[in-house]
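The structure appears right after this line, and notes come after that.
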Amino acid sequence: MGTERNHLYLVDGSSYIFRAYHRLPPLTDPEGTPVGAVYGYTTMLWKLAEDLDAAEGPTHLAVILDKDSKSFRNDIYPEYKANRPEPPEDLRPQFPLIRDATRAFSLPCIEEAGLEADDLIASYAREAQRQGWDVTIVSSDKDLMQLVGEVDGPNGPARIDMLDTMKSQRLYIPEVEAKFGVPPELVGDVLALMGDSVDNIPGIFGIGPKTASKLIAEHGSLTAALDQAPEMKKSKLKERLIEGRADAEMSRVLVTLKEDCELPQPIEAMKLGKVPPEPLAAFLEKHGFTSLLRRLGNGHGSPERANNLDPAGEKRAGDNGTDEGNRQQPPEMPAVDRSAYETVQTMEALEKWIVRAKAARLVAVDTETSSLDAMQADLVGISLALGANDACYIPLAHGSGDMFAEKPQQIEREAALKALRPLLADDSVTKIFQNGKYDLNVLARHGAPVSPIEDTMIVSFALDAGRSQDGIGGGHGMDELCQRHLAHTAIAYKDVCGTGKKAIPFGEVPLDRATEYAAEDADITWRLYTLLKPRLAVEGGSRIYERVDRPLIPVVAGMEREGIKVDRARLAKLSEEFAREIGRLEGEIHEAAGQEFTVGSPKQLGDILFDKLGYKGGRKGKSGQYSTDVSVLEKLAAEGAPIARLVLEWRQLSKLKSTYTDALQAAINPQTGRVHTSYSLVGAQTGRLSSTDPNLQNIPVRTAIGRQIREAFVPEDGNVLLAADYSQIELRLAAHMADVDTLKQAFANGEDIHSRTATEMFGEVTRDTRARAKTINFAILYGISRWGLAGRLEVTPEEAQDMIDTYFQRFPGIQRYIAETLETVRERGYSETLFGRKTWFPRINSKNQAERQGSERAAINAPIQGTSADIIKRAMVRMLPALRDAGLPDVRMLLQVHDELVFELPEADVAAASPVIERVMAEAALPAVRLDVPLGVEIGTGASWDAAH
DNA sequence: AAGGTCACG
DNA sequence: GACGTACGTGACCTTG
């Protein structure tokens, strides 16, 4: 809620460097790399960053770069930019340094494949303008002059102007009119007529800038000028206009800026703050920019670089060379000094921290609570960090128990919250968390909404999902990240509070000790953020982090707080019935076995079945234990072993009772009367969510008896549950990604995909061939092996191989997809989804065959499973705003089960909400990805989760 | 803490 | 000739 106006500066980095190259002397850095243009670029950024808080200066700033030479314009006109000469030898090595320079200023650097910098600039400018911001485009590119002008925003006119830093010249409407003779919105028409030799845009031969602007000014538009050409008096110009019409029209398309690109980062993320000096100093020194280094101030003259700060970025033996050669050095940080932390015990001290946090616009926050369950936890204290070792702990509810004779001095909790709320809700101050979903929920329950946030755990996941060093976990928890990236061992929670029976609540920890622990967590979170966040742009994690996972955090937090109602009485009744049946079965099993034993012990059961009763069956695994899983027991039952059937039934019922009917009753939150799961955003390497405490993503559905449990998930009175499922989403994505015409066609026609597969494979659809086809379809998604398929279909591996061959033959594309996927994963070390989510496979080149093949199967599956996860996440992010826009604020999103979303809504809203939900889900890939297959969504409603299917 | 089993997509 | 045999999860039970 800043009072000053937001002003976004968009720097056209690519065009700048060309001009700087020609204007500046050919400098080289100490290593001999040419850096003349980079120097010019660096000084320009310096000036811009210095203007922060100046009247016309930026509050937000980003650099936009061209990613590669091809763009969608080449699809329209292959010759587009085709006559560009190769950049000079001594300019080429400077391109990557532009990124480094930008990074050194801790500024966002944006580039997208298939899009030109101009398009991104146009899209960002329009987005900012829509939100009432002013925009300055730092460029001299005439194409961009089309954007100049103003529109009415929420707080007065929002204007876009341009700044040519080399000429120190600002361009607004009059300047554009002076140059083109027409207002900015007609500049595109002029450009279409005159063409552009640099970009190889044809225009109309023989028409230059003068004639073009005169024509457009006269006729009011390109179309009008072209339309009226036949009526003109006979002249060379008339002929040219008539003959060149097609060229002009195509040129018009080429010069049109794409203003609706998906924005890789939100504009809020471009907040300009004080530039951290360390990374900048390192950069300036590396390239010998000594005069700038001096201006930066003393103390950074010869930085001793901290070593070993970023093991994840180092090349490891056996790892794939995936990191760019030109890595930014991690910023230096002093060692953790816990004695520097402050315990905040008075309002005055707290106010000081709040003022400093506001000025810094970036603060790491951590909450300390009485419980690990965010839905039960009481706030005990809050810690803040504004820099390395610059952290505090604010105790709020210490010594509430009897341990202290006297409560330690601390600010009363409600008073502190009252002071902190504006900071936490201030959209110009970014709050950094480690696993922020937890803190968000705790704070929300204390009436303190928090926004905007960053989350180091989610950043780590976007960068390093699946990456793990041998033996050492690849997890994303604070302790692991701290160890991995900071080479520091943080105080562990159990060191402060103990474990097991002797554990004490955090509120009973003495303040000095609590401060060391809690402030350290905020300090580390701040350090991790400064270290990890810049890697996103460099390593290609920004898209997924900024557009998918980061905005998802508050959405999922909201779902967790909603919870879902379960019918306790119904579960209790089921538990009772199951218990009775389990008892009966147990008796029969003991009778059949001729002795009593623990049915739930696979070891005892195996001995009874195979040793005592003499059924046939093999040992398995290193433990030398008999296997007694379903497939074994099914086989025995089919061969006429009655005890096997009894054990199967016993197992089913015990599972249902212990895991569901008993556990779910226990999971009902006493305050809300609902069940609140906790979703992990980093639980599955592929990008899927996972659900714990309780897991609501594995509630039975496949059997009638199990579905009774689903009947216990119910809406509040007057409401219904609505379940919306993607139908066959992974197969649809496989059809798209492997580009299989037959499958794409089948989905487009709404066919039953397994039946279609059966027809292709076996020539006819019967129950049997359809079932086999279904198995084979899944086998493909999971990375096929002849033995695996043989086992599932109960055929020989040779027959399975035949089927695989037939499949590849009938669906050309699949084999190529598999080969190409594996090739790139082997080469780069990671797979990627359609939306750019990476999953690392460190064992893909393992010498251990089993290990390697396991990685290969996972690598084939990950892009498909991960893309599906991306899509439903995008739908989730958009869902509630879309419903609100549709006038449906009472629809609540409760659960996600990988390809399904569950809602609770007033009965009266069903008719209006269903099409909105359907549309948001079906269109969730757009506009980033246009799929060749439709995404089918099936919706059901009812008085229970079961009935909604 | 590990292994076996089984619930889901 | 070995590896051991479909991808991704989490919870509960027994046993060491």
Side-chain angles (χ1 to χ4, degrees), chain A residues 465-466 597-606 618 620-633 647-648 650-664 666-667 677-680 682-703 705-707 709-710 725-731 734 775-793 797 800 804 831 839 841 846-866 868-869 872 895-900:
Chain A
F597 70 101
T598 311
V599 183
S601 163
K603 187 177 183 322
Q604 292 185 33
L605 177 65
K620 265 200 183 166
K622 327 153 198 137
S623 56
Q625 208 179 301
Y626 290 114
S627 169
T628 65
D629 67 15
V630 248
S631 66
V632 172
L633 293 181
V647 172
L648 282 168
W650 183 94
R651 283 226 181 119
Q652 184 189 21
L653 294 177
S654 321
K655 175 87 176 177
L656 295 179
K657 180 170 184 293
S658 67
T659 308
Y660 301 105
T661 56
D662 290 352
L664 281 173
T677 185
S678 173
Y679 289 102
S680 170
V682 299
Q685 312 292 13
T686 52
R688 272 191 178 179
L689 305 189
S690 71
S691 160
T692 59
D693 307 308
N695 183 352
L696 294 186
Q697 289 181 323
N698 70 348
I699 302 302
V701 70
R702 291 171 187 170
T703 64
I705 185 156
R707 275 198 298 274
I709 290 159
R710 269 182 192 237
D725 285 64
Y726 282 114
S727 134
Q728 307 288 6
I729 187 168
E730 293 197 3
L731 276 173
T775 301
I776 297 167
N777 276 330
F778 280 106
I780 295 297
L781 296 181
Y782 296 152
I784 200 163
S785 85
R786 74 180 85 165
W787 298 278
L789 185 62
R792 295 280 162 145
L793 290 179
I804 294 168
S831 69
T839 302
F841 294 92
S846 166
K847 287 201 251 316
N848 178 328
Q849 186 182 223
E851 208 171 58
R852 185 176 67 249
Q853 288 178 341
S855 289
E856 287 174 354
R857 290 190 296 269
I860 291 164
N861 179 251
I864 299 168
Q865 189 181 115
S868 163
I872 195 165
L895 303 178
Q896 190 252 40
V897 194
H898 310 308
D899 64 355
E900 171 184 10

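All figures in this text were calculated on a predicted structure; none of them were measured in a lab. Side chains included, hydrogens not; waters and symmetry mates left out as well; all remaining heavy atoms used. In the text below, chain A, chain B and the rest are named by the order of the sequence lines, each starting its count at 1.
- Among the heavy atoms of the strands lying under 4.0 Å from A/A684 are primed sugar atoms or P, OP1, OP2 only; no base atom is included.
- Stem analysis of DNA chain C (Watson-Crick or G-U pairs, both distances under 3.5 Å, runs of at least three) returns B:1-9 with C:7-15.
- Here A/G683 lies in heavy-atom contact (under 4.0 Å) with sugar-phosphate atoms only.
- As a whole-Å value, the separation of A/R786 CZ from C/dT5 P is 17 Å.
- Going from atom CG of A/D899 over to atom C1' of C/dC7 covers 14 Å, rounded to whole Å.
- Atom-to-atom, OH of A/Y679 to P of C/dG10 comes out at 13 Å; the value is rounded to the nearest Å.
- Among the protein residues, A/T775 comes within range of the nucleic acid bases, having at least one heavy atom under 4.0 Å from a base atom.
- Straight-line distance between the P atoms of B/dT5 and C/dA6: roughly 14 Å, to the nearest whole Å.
- Per the geometry, CG belonging to A/N777 stands 15 Å off C1' belonging to C/dC7, to the nearest Å.
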* **Heavy-atom protein contacts under 4.0 Å, nucleotides 11-16 of chain C, coded B base, S sugar-phosphate only, - none** => BSSSSS
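- In this structure, A/I784 atom CD1 and C/dA6 atom C1' are separated by 9 Å, rounded to whole Å.
- Taking atom P in both B/dG4 and C/dT5, the straight-line distance is 11 Å, to the nearest Å.
- When rounded to the nearest whole Å, the span between CD of A/Q625 and P of B/dG4 equals 6 Å.
- In this structure, of B/dC6, B/dG9, C/dT9, it is C/dT9 that holds the atom nearest to the side chain of A/S690.
- Residue A/R702 places a side-chain atom within donor-acceptor reach of the base of B/dG9, judged by atom type and a 3.5 Å distance cut-off alone.
- Looking at residues two or more places apart in sequence or on another chain, you find no ring pair (Phe, Tyr, Trp, His ring centres under 6.0 Å) involving A/Y679.
- Nucleotides C/dG1 and B/dC6 place their P atoms 35 Å apart, quoted to the nearest Å.
- If you measure from atom CD1 of A/I699 to atom P of C/dG10, you get 14 Å, rounded to the nearest angstrom.
- For the OP1/OP2 pair of C/dA6 and a distance below 4.0 Å, the side-chain nitrogens and oxygens of A/S785 include no atom meeting the criterion.
- By the side-chain hydrogen bond (donor to acceptor under 3.5 Å, both in side chains) test, A/R786 pairs with A/Q801, sequence neighbours left out.
- Remark: A/D662 engages A/S575, A/K657 in a side-chain hydrogen bond (donor to acceptor under 3.5 Å, both in side chains) (not counting sequence neighbours).
- For A/P700, taking side-chain heavy atoms from C-beta onward, the closest of the listed nucleotides C/dG4, B/dG9, B/dA7 is B/dA7.
- Atom CD1 of A/I784 is separated from atom CZ of A/F778 by 13.0 Å, given to the nearest 0.5 angstrom.
- One atom, CD of A/E730, and another, C1' of B/dC8, lie 13 Å apart when rounded to the nearest Å.
- In this structure, A/T628 reaches the sugar-phosphate backbone alone: every heavy-atom distance under 4.0 Å involves primed, P, OP1 or OP2 atoms, never a base.
- Heavy-atom distances to DNA chain C give each of A/G854 and A/A850 a nearest nucleotide, and the one nearer the 5′ end belongs to A/A850.
- For A/R792 and C/dA6, the shortest distance from a side-chain N or O to OP1 or OP2 is below 4.0 Å.
- Residues forming a side-chain contact (heavy atoms from CB on, under 4.5 Å) with A/Q652 (at least two apart in sequence, or on another chain): A/L656, A/T703, A/I705.
- Taking only side-chain nitrogens and oxygens, A/R688 never comes nearer than 4.0 Å to OP1 or OP2 of C/dT9.
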